[in-house]
Number of protein chains: 2
Amino acid sequence: MSSKSQARRAQLREKLVEAAEVRIDREGLGELRARDLARDAGCALGAIYNAFEDLNAIVMAVNGRTFRALGQAVSDSFDGSEAPVQRLIVMSTAYLRFADAHTNLWRALFELKMTQDGPVPDWYREALAGLFGLISEPVSQIFPEMKREELELMTRALFSSVHGIVSLGLENRISGVPPEQIERMIGQVLRQIGNK
Amino acid sequence: MSSKSQARRAQLREKLVEAAEVRIDREGLGELRARDLARDAGCALGAIYNAFEDLNAIVMAVNGRTFRALGQAVSDSFDGSEAPVQRLIVMSTAYLRFADAHTNLWRALFELKMTQDGPVPDWYREALAGLFGLISEPVSQIFPEMKREELELMTRALFSSVHGIVSLGLENRISGVPPEQIERMIGQVLRQIGNK
DNA sequence: GGCTATTCCTGAACATGGTTCAGGAAAGGA
DNA sequence: TCCTTTCCTGAACCATGTTCAGGAATAGCC
């Protein structure tokens, strides 16, 4: 066995992912540099490529963490006592707060796949499915008459809508739309949808 | 005067923007190369930087065209006889069709600003305002009781929602969501919102 | 038309940044 | 202890945006 090697390798992977997370959070995905990561992790430039396939793989690892944290934030946001529409609003607000607090990390979640040609990785699909699971419950309470397929579509549609509002809302942060306004937009849309 | 110079310069600019548009449309923004553009336009590499500040400026010019074409597609999509909700759906469908037909060009519209730090350019703001103008009319018919500020927010919210649905819908094109499903999601959300 | 100043074009060179690789160091096994 | 394997190192490689010195074309003027 090669426990020492393995351990060191794992430690390096951890340090690299940690460093990448900090740098992406602070500067954005576009400012991530292999040489900076090597310095942060105290390893040689080439060592990165021993621990990971390439820089992308590190970003993927960061995205995995981010996605888990995001899912956690959303599932921690409600206690189950809310009315369905209210719960959707609360969850969406948690989504907004997370995106606002970690805009660069959250953006990296979507920037990477846009650029890449390869298929969406499994963990991404699963994480998204997890989020959808949280949403589909209140959605099916709001629309008890809908069939499963239509409910799935509606769940996806609502998630996408909130994502769009947050995404465009945070985009021109400098020039407009403060988070409270974004929150109001989310409320407008979701409440309106609840008013059948 | 320097009519001949000016004309050639203008012609080069045109050829570069044209070439960039074709390449972005076909390969995506990420595959755009200065050297390819120079070859396409039949000029030297350095000549690009005489006609434009940098590559970004060319992409901006392409984005300007794209945005105009998108606005045209949306405003051509309705004839004014539709009921308000129906008009929103028709416009959104036009947006979807455009995004589906020219996904890479449409994505470039949003990818650039995300990466850049500078403020959003004026033409972008104006073009978006133009789109919002088209949307706000049916929105104010649907919500006659709303004040201007609330209407503006709702307009923005609905645009963002449709954008989000289209954006996430087209993202994993390979693995899921065909355009008809995206269209159904748009219909679900907008019709639901119209059902006050 | 000829002459000079200016402006533009050219492509080699530069800067940056991801990735590779030959050579040496460390770990594992006997 | 010695050999094998594995890993680490950082210099070099390659791609790509951008610049720049030198030459070509153009403009203005007589």
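Naming: A, B, ... by sequence-line order, numbering from 1 per chain. When reading the values below, keep in mind they use all heavy atoms of this one structure, side chains included, and skip hydrogens, waters and symmetry mates.
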**Q** Taking CG from A:D36 and P from D:dG10, how many angstroms apart are they, rounded to a whole number?
**A** 16 Å
**Q** Going by atom type alone, with no hydrogens or angles, which donor-acceptor pairs under 3.5 Å involve a side-chain atom of residues 177-187 of chain B and a protein atom two or more places apart or on another chain?
**A**
from: B:E183; atom 1: OE1; to: B:R97; atom 2: NH1; distance (Å): 3.4
from: B:R184; atom 1: NH1; to: A:E149; atom 2: OE2; distance (Å): 2.9

**Q** By nearest nucleotide on DNA chain D, pick out whichever of A:R35 and A:A51 is the more 5' one.
**A** A:A51
**Q** Could you tell me which residues satisfy salt bridge (charged side-chain N to carboxylate O under 4.0 Å, His left out) with A:R39, sequence neighbours excluded, listed by chain and number?
**A** A:D36
**Q** If only side-chain N and O atoms of A:Y49 are considered, is one of them under 4.0 Å from the OP1 or OP2 phosphate oxygen of C:dT19?
**A** yes
**Q** Tell me which nucleotide among D:dC7, C:dG17, C:dA13 gets nearest to the side chain of A:N50.
**A** D:dC7
**Q** Tell me every residue that passes salt bridge (charged side-chain N to carboxylate O under 4.0 Å, His left out) with A:R148, counting only those two or more places apart in sequence or in another chain.
**A** A:E152
**Q** What is the distance, to the nearest angstrom, from the CD atom on B:E53 to the P atom on D:dG17?
**A** 16 Å
**Q** Could you tell me how far apart A:L37 (CG) and C:dG18 (P) are, to the nearest whole angstrom?
**A** 8 Å
**Q** In terms of side-chain heavy atoms of B:R33, which of D:dT16, C:dC9, C:dG18 is nearest?
**A** D:dT16
**Q** What's A:L32 touching, base or sugar-phosphate or nothing? Going by heavy atoms closer than 4.0 Å.
**A** sugar-phosphate
**Q** Output every pair passing ring pair (Phe, Tyr, Trp, His ring centres under 6.0 Å) with a member in residues 14-39 of chain A, not counting sequence neighbours, ordered by first then second residue.
**A** none
**Q** Show every ring pair (Phe, Tyr, Trp, His ring centres under 6.0 Å) that has at least one partner inside residues 55-91 of chain A, sequence neighbours left out.
**A** A:F67-A:Y124
**Q** Calculate the interatomic distance between A:R13 atom CZ and D:dC7 atom P; express it in whole Å.
**A** 12 Å
**Q** To the nearest Å, give me how far apart CZ (B:R9) and P (D:dA27) are.
**A** 14 Å
**Q** Give, ordered by number, those residues of residues 38-47 of chain B having at least one heavy-atom distance below 4.0 Å to an atom of DNA chain D; if nothing qualifies, reply none.
**A** B:L45, B:G46
**Q** Applying the side-chain contact (heavy atoms from CB on, under 4.5 Å) test to A:L105, which of A:I24, A:L29, A:L70, A:N63 qualifies?
**A** A:I24
**Q** Please report the distance, rounded to the nearest Å, between CG in A:L16 and P in D:dC8.
**A** 11 Å
**Q** I'd like to know if A:K15 and A:D40 make a salt bridge, using a cut-off of under 4.0 Å between side-chain N and carboxylate O.
**A** no
**Q** Tell me the interatomic distance from B:F52, atom CZ, to C:dC9, atom P, rounded to whole angstroms.
**A** 13 Å
**Q** Please report, rounded to the nearest Å, how far the P atom of C:dT19 is from the CG atom of A:D54.
**A** 5 Å
